[in-house]
Structure formats: C-alpha cells, structure tokens
**Student:** 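My questions will all concern the structure given below.
Here is the naming used below: chain letters follow the sequence lines, and residue numbers restart at 1 for every chain.
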Amino acid sequence: MYDAGKILIGLVIFLLLLTFPFWYSLGQASYESPELQLPEDSQECIRDTEWMRKNHMQLLDDWRDTVVREGKSVYTGSEGKQYDMSLQKTCMDCHTSKKKFCDRCHNSASVEPYCWDCHVAPEEVANGQQ
Amino acid sequence: MNALYALIMVLALVIIPLLGAGAAGWHALFGVVLPYLAFTVFVLGFLYRVVKWGRSPVPFKIPTTGGQQESLPWIRQNRIDSPSTKTGTVIRMILEVLLFRSLFRNTRVRLFKDETQLSYGSSKFLWLGALAFHVSFFVILARHMRFFTEPVPALFNWIETLDGIMQVGVPVLFATEIVILLALAYLFLRRVLVPQLRYISLPTDYFALFLLFAIVISGILMRYFVRADIVDIKTLTMGLIQLQPEVPESIGALFYTHLFLVCSLLVYFPWSKLMHLGGVFLSPTRNMPNDNRMRRHVNPWNYPVKLHTYEEWEDEYRDKMKEAGIPVEKE
C-alpha cells in the first residue's frame, strides 16, 4: 500500500469515531428502561398509557395554546370525564414529582422540555429542592 | 426513466419492512439481525475500498491547479489553490473536506445575445445546496447519538439544543430537518430540470437522493406525526450497542422502515459514489502538492526494465560489424 502510514491513521480515526457508542458503553452497567414512580392514590390517567407515552408533549402544547389563546380550559378525556387543562393542577396533582416521573424518561432520552422554564414541580418545591 | 428506476427501487425498500416487520412481525430480524449485518458490511466494505485505493499507484503527479503556482520570487504564488508545500496542501485539503472549496469555484457557461456570445459565470447554488445537505446530515447523525449513548455526552445535547433553538412546537422542530429537505429537493430538481444534468444522471444518482429522502421523511413522520415511543426505541438501540439485543413489542412498523432504510444506506454506501466520504481524502488531484518542477515524481509501478545498451550490443557484435565494414565506436 502506498502512503500506508497516513491511510492507516485515517482509517483508525474513522473506525474509532464509527464505533464510539460501543467503546463508550464499555464498562457501564447494561441499559435499563427508566422506571417511573406511579401515583399511589389514583389509578387512571386522562388517556391510556400507550397514548400518553407517545403524545403527552403534543397534548400539553395544545393545552397551553387552548388555555392561553382561546381561554378554554376544560379537557374531555377518552372516558368522557372532564379535566382542567393545567400541567400543575391536573397532571402534577397525581404525578407530584418531576424528578421521579418526568425526568426519568426525559433524561434517558436526552430531552429537555422547556415546561420548567415557567412551571414548578410541586414535590420538589415542597422539599425545597427547586 | 432513470429517476423512475431509482424511485421503484426505493419504494421496494420501503415496502419490504412494512411487510416484514409490519405485517409478518419479524421484529428480531429487522431490529437486530439486519442492523448488525448492515453495520458489518459498511465497516468491512469501507475498509476494503480504502485499502484498494491505497494499493493503487498514482503514476503521475496530477494536482489540480486553481491559481498561480510557485515560480519566480517576484510572482505571487497562490499558496492554497496551488500549494507547493505540505502545509499548503493540508490547508487545501481541510478547506476541501469541510467547506467544499472546489465546488465553490463552480462556474456555469451561458450563451447570450441570440446565442452568439459565450460567458462563464460563477455559480454557487450547487455549493450551497451540497454544504447545506452535508452539514444537516452531520448534525442529524450527531443528534441520533442520544439513542446510542447512556449517559448522553453533553456535546450531543448542545448540538440538539442549538438545532432546536427556535422552539417551534413540541416536540421542538429541528432546523436541520427543514434544511435537509430543501437541500435534497434542490439536488434532485437540478438533476431533473437542467437538461445537461438530466442527460448524465444515472439511476444510482437518483437512488441515493431518494433513499435519503425516504430516510428523512420516515424520521420526520416518526417525530411529529405517527409518533414512536422513543424510550422503547432507546431500549432497542442500547441493546444493540451493548450486545444484549432486546426487542420491545410496542415498536411500530414505521420505526422498522426507518431503520431498514438506514441499513440499506449502510450496505449500499461502500459500493457506491457515496464513498466520496473516504475518497475525498485520497484524491490525487487534491492531496498532492503542486511541486512538479521541484521534485521528480517517480511512477511507483515503474517496472525494473532489463536494459541492453548500445555498448553491450556493440560488444556482442563487434567482430561481425567489422567484417561487414560497419563503423564501431570502440575498436
């Protein structure tokens, strides 16, 4: 091979970059799906779990626009039950802890929603953590 | 027609996972076996191609000259576009790889005044489209690293934050998604609308574009429209990385379509023109200094020729030459 030294150095760098996730995860505990702390005193959410897992962000965004721009604040869930469109009064009434509920998945998937630029997390505030 | 062939190929690639993972439910095949296979083919194929190039001799010194070469001391040399030193060549390579300098010099020929006069004008659109596509693709690749690392290194978070800095909608709209779609659309349309380009475009030219289109569109669909649960997806991807594959049941056909298209890209990559990723570093027209008149370039495949000089020939036939009366150099 001509210029073997230079080409091999290039290939080694390329391979190191390409396999970065493999050697980055060496020596780390095997990945576990995040465990969420579910509320103890209520059994059902406004929609089913599967739907909420995929669409909660869209729902909250819609809620914000509906409340702030249209002044409507009543949401009818899939069971016909009515809820107040409020992250703090409805969602976080049951899911009180941001750290033990929201953050678990968000951190794992490296999502940083800007909800918390304005909203506060009830449990963390009560414990003086925020 | 060429575009149509490519389109049919890509549509077939879309249908395979829809049937296989969607209808037949072969999740382990599409989620584990094919990704490992595709990655292996990509790595080995890439190495094979680069080593093969490395083994090919460069018989001549053929740097492209984009400016005044080194000459007399009072003639100013263009040190980057016609470099004669190693440093100049390295700078030219960096500019080429990161900023596509040779595309920036792209010109366009036009006839005007009733096609009686010819003019060459600068044409930057191809450069702009190419750069927009490549940068977006790189940023998108970097953003995807959040699925393959745990904890996610801060660098990838910063890139993601920067990409979504406009905070449009939830999940946040990424600027690169719009840019890559526009860039791909431009790169496709110029092949279709410019007659000269359409004439030289082959199915493989369209295939790469359509495949990338399909990958981008399936990704966008998954993020904004037909949502996939990324926590389950991360369980799958981290299982692949840690060599403990695990296939969550809830992952839908759209994700497997996206993954299968990416696998197709990985498999296709080493055998196609997309190998310019490695090839750009090995182009003799770019990575050689323009020092033809200072240093002799010896063709590395010069065969050790067996010489039979005139002197030796004369030694052999001197007697016969003298007999025949032919003049000889040595008596």
**Student:** Measure A:Leu8 against the heavy atoms of chain B and call it side chain, backbone, both or neither at under 4.5 Å.
**Tutor:** neither

**Student:** Apply side-chain contact (heavy atoms from CB on, under 4.5 Å) to the pair A:Ser110 and B:Glu160, showing each step before the final yes or no.
**Tutor:** CA-CA 9 Å; A:Ser110 167; B:Glu160 191 176 323; 4.0 Å; yes

**Student:** Please look at A:Glu32 and chain B and tell me whether the side chain, the backbone, both or neither of the residue comes under 4.5 angstrom of a heavy atom of that chain.
**Tutor:** neither

**Student:** Where on B:Ser56 is there a heavy atom nearer than 4.5 Å to chain A: the side chain, the backbone, both, or neither?
**Tutor:**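 When you check distances to chain A, only backbone atoms of B:Ser56 fall under 4.5 Å.
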
**Student:** Please check if atom OH in B:Tyr224 has more than 12 non-hydrogen atoms from other residues, nucleotides or ligands closer than 6.0 Å.
**Tutor:** yes

**Student:** Taking the ring centre of each residue, are B:Phe281 and A:Phe14 less than 6.0 Å apart?
**Tutor:**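 No - the distance between ring centres of B:Phe281 and A:Phe14 does not fall below the 6.0 Å cut-off.
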
**Student:** Has B:Arg55 got a side-chain atom pairing as donor or acceptor with A:Met1's backbone, closer than 3.5 angstrom?
**Tutor:**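 It does not hold such a pair.
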
**Student:** Looking at every heavy atom in both A:Tyr114 and B:Gly169, which two are closest together, and how far apart are they?
**Tutor:**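 Shortest heavy-atom contact: OH-O, 3.9 Å.
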
**Student:** Is the closest side-chain heavy-atom distance between A:Lys54 and B:Ile230 below 4.5 Å?
**Tutor:** no

**Student:** Kindly check if the number of other-residue, nucleotide or ligand heavy atoms within 6.0 Å of CD (B:Glu249) is above 12?
**Tutor:**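 Result for CD/B:Glu249: open.
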
**Student:** Answer yes or no: is there a side-chain heavy-atom contact under 4.5 Å between B:Glu150 and A:Ser108?
**Tutor:**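 Side-chain contact under 4.5 Å: yes.
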
**Student:** Counting only heavy atoms not in A:Gln88, do more than 12 fall under 6.0 Å of its CD?
**Tutor:** yes

**Student:** Please classify the contact between A:Ala4 and chain B as side chain, backbone, both or neither, with a heavy-atom cut-off of under 4.5 Å.
**Tutor:**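 Contact with chain B is absent: no heavy atom of A:Ala4 under 4.5 Å.
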
**Student:** Among B:Leu282, B:Ile233, B:Asp232, single out the residue with the greatest number of heavy-atom pairs under 4.5 Å to chain A.
**Tutor:** B:Asp232

**Student:** What is the minimum heavy-atom distance between B:Pro171 and A:Met57, and which atoms define it?
**Tutor:**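 Residues B:Pro171 and A:Met57, closest heavy atoms: CD-CG, 3.8 Å.
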
**Student:** Among B:Gln242, B:Met238, B:Lys52, single out the residue with the greatest number of heavy-atom pairs under 4.5 Å to chain A.
**Tutor:** B:Gln242

**Student:** Does a side-chain heavy-atom distance below 4.5 Å link B:Leu47 with A:Leu15?
**Tutor:**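 Counting from C-beta outward, B:Leu47 and A:Leu15 do come under 4.5 Å.
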
**Student:** Report yes if some heavy atom in the side chain of A:Gln58 is under 4.5 Å from a heavy atom in the side chain of B:Arg227; otherwise report no.
**Tutor:** yes

**Student:** Where do A:Ile7 and B:Gly54 come nearest, in terms of heavy atoms and distance?
**Tutor:**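 Nearest pair, atom of A:Ile7 first, then B:Gly54: CD1-CA, 3.6 Å.
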
**Student:** Given the rule in the side-chain contact (heavy atoms from CB on, under 4.5 Å) test, do B:Val172 and A:Val111 qualify, once you have shown the distances and angles that lead to the verdict?
**Tutor:** CA-CA 10 Å; B:Val172 176; A:Val111 181; over 6 Å; no

**Student:** Taking OH in B:Tyr48 as the centre, count heavy atoms belonging to other residues, nucleotides or ligands within less than 6.0 Å. Is the count above 12?
**Tutor:** no

**Student:** Please lay out, stage by stage, how B:Lys234 and A:Tyr31 fare under the test side-chain contact (heavy atoms from CB on, under 4.5 Å).
**Tutor:** CA-CA 9 Å; B:Lys234 185 150 183 177; A:Tyr31 176 81; 3.4 Å; yes

**Student:** Within a strict 4.5 Å, meaning less than it, do heavy atoms of the B:Val231 and A:Pro34 side chains meet?
**Tutor:**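 In contact.
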
**Student:** Taking every non-hydrogen pair under 4.5 Å, which of B:Pro153, B:Ala228, B:Gly278, B:Ser250 racks up the most with chain A?
**Tutor:**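 The residue among B:Pro153, B:Ala228, B:Gly278, B:Ser250 with the greatest pair count is B:Pro153.
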
**Student:** Which heavy atom in B:Leu240 sits nearest to a heavy atom in A:Phe22, and how many Å separate them?
**Tutor:**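 Nearest heavy atoms, B:Leu240 then A:Phe22: O-CE2, 4.0 Å.
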
**Student:** Atom CD of residue position A:Glu40 - does it have more than 12 heavy atoms of other residues, nucleotides or ligands inside 6.0 Å?
**Tutor:**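 Open: at most 12 neighbouring heavy atoms sit under 6.0 Å from CD of A:Glu40.
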
**Student:** Assess whether a salt bridge exists between A:Arg53 and B:Asp229, defined as any Lys/Arg side-chain N lying under 4.0 Å from an Asp/Glu carboxylate O.
**Tutor:** yes

**Student:** Measuring heavy-atom distances to chain A, does B:Pro248 have an atom under 4.5 Å in its side chain, in its backbone, in both, or in neither?
**Tutor:** neither

**Student:** Could you check B:Ile241 against A:Tyr24 for side-chain contact (heavy atoms from CB on, under 4.5 Å), going step by step and ending with a plain yes or no?
**Tutor:** CA-CA 10 Å; B:Ile241 291 300; A:Tyr24 181 75; over 6 Å; no

**Student:** Is B:Asn287 close to A:Asp3 at the side-chain level, that is, under 4.5 Å between some pair of heavy atoms?
**Tutor:**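 No, too far: nothing below the 4.5 Å cut-off.
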
**Student:** Considering only heavy atoms, which portion of A:Tyr2 lies under 4.5 Å from any heavy atom of chain B: side chain, backbone, both, or neither?
**Tutor:** both

**Student:** Tell me if the CH2 atom of B:Trp158 is crowded by more than 12 foreign heavy atoms within 6.0 Å.
**Tutor:**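 Result for CH2/B:Trp158: open.
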
**Student:** List the atom of A:Lys6, the atom of B:Lys86, and the distance in Å for their closest heavy-atom pair.
**Tutor:**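 Result for this residue pair: NZ-CE, 4.5 Å.
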
**Student:** Is it the side chain or the backbone of B:Phe147 that comes within 4.5 Å of chain A heavy atoms, both, or neither?
**Tutor:**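 Neither part.
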
**Student:** Any idea which of A:Ser30, A:Ser33, A:Ala29 has the most non-hydrogen atom pairs under 4.5 angstrom with chain B?
**Tutor:**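 Looking at each of A:Ser30, A:Ser33, A:Ala29 in turn, A:Ser30 comes out on top.
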
